[in-house]
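Worksheet for the structure shown next.
Letters go in sequence order (proteins before strands), and every chain restarts at 1.
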Amino acid sequence: MEVISILSEMDWAVVAPLLVIQAILLIVAIIDLIRVDNTHGPKWMWTLIIVFINIVGPIVYFIFGRRQE
Amino acid sequence: MQWLTLLQKEMTENVRNVKWIWVPLIMILIAIMDPLSNYYLPQIIDAAGGMPEGAEIQLPDYQPSDIVMMSLGQFSSIGVLIIALMTMGTISGERKSGVSELILVKPVSYVNYISSKWTAAVLLTLVSFSLGMVASWYYINLLFGELSFGALMQVLFFYGLWLMLVVSLSIFYNTLCRTPGLVAFLTIATIVLMNLVTTIFSHLLDWSPNKIANYIQQLLISGSVPSELIGAAIVTIVMSAVLLIASVYTFKTKDMAA
């Protein structure tokens, strides 16, 4: 119950940008993962990392997962 | 004109490897994290089970300048880390994979090659940083109180110089060694070391680039630019220029070896 009341109290105009940024990162990372031929390490591992680790997952993929080429 | 072509190549590459998407987003994220979490701290404490019976914490009444400093604090830690990781392979990676040889076999001057790399990295960094600070500024005005646009521009300018120095350091190490991981490590190690030296010899190094953030705080509180800030800005620009010249030189001498 408490969680619900907090959710309704929150000002969504303030919090929405955070969620949008997180969503864009996730989508871009997934599209990129599909597009590239190969990554450092298996692709299924990166899929799990991107989807299940908030915000940090996509960033880690962009920095360490992508092959330069 | 060769320089423009090279710059264009860098920009296209940064669009293709989606750096132009994720770096700005991260910068916005780390800039707005602190304004938001501090504003919602009472609710967050409540949601986490609330304070124990009778305990009372007086939450400080934040001024807009405090929040700007918090955002800058995030940039000086996570932001610098992201910049170092993002630029670590820009030259060293190309040398490892042989792309730089493909480019340099044509009559491309080393100066153009290095400076186009540097410009592309600085542009990406500064645009991302500016977007982040504008987002932070938006929340500050919304949640904490008025902060003038002029003050924001001053913060952007002076802190941008410091980030420019970080990029220059990274480019310099890029020409020095071939392993991207080592480049990132050396960049961050150098910044930590500079920080340490500045703290220890604080009374001697009034113009140290590491003090720019402190001077920005003074600037926000007093409203006028402290003279030390001008000095620190000049030192930062000179250091960046020296690093850039040094990287062209090391690249020239080390390129053919190994």
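Residues forming a ring-ring contact (aromatic ring centres under 6.0 Å, His included) with B/Trp137 (at least two apart in sequence, or on another chain): B/Phe149.
Among residues 24-32 of chain A, the residues having any heavy atom closer than 4.5 Å to a heavy atom of chain B are, in sequence order, A/Ile24, A/Leu25, A/Val28, A/Asp32.
Of the atoms belonging to B/Leu25, heavy atoms from both backbone and side chain fall under 4.5 Å from chain A. Of the two parts of B/Met88, only the side chain, counted from C-beta on, holds a non-hydrogen atom closer than 4.5 Å to a non-hydrogen atom of chain A.
Taking every heavy atom of both residues into account, A/Arg66 and B/Arg16 meet most closely at NH2-O, 4.2 Å.
When the candidates A/Leu18, A/Ile21, A/Val36, A/Ile55 are compared by the number of heavy-atom contacts under 4.5 Å with chain B, A/Ile21 comes out ahead.
Enclosure of atom OH in B/Tyr39 is not indicated, since only 12 or fewer non-hydrogen atoms of other residues, nucleotides or ligands lie within 6.0 angstrom.
Contact annotation: the side chain of B/Val23 never approaches that of A/Phe62 to less than 4.5 Å [non-hydrogen atoms, C-beta and beyond].
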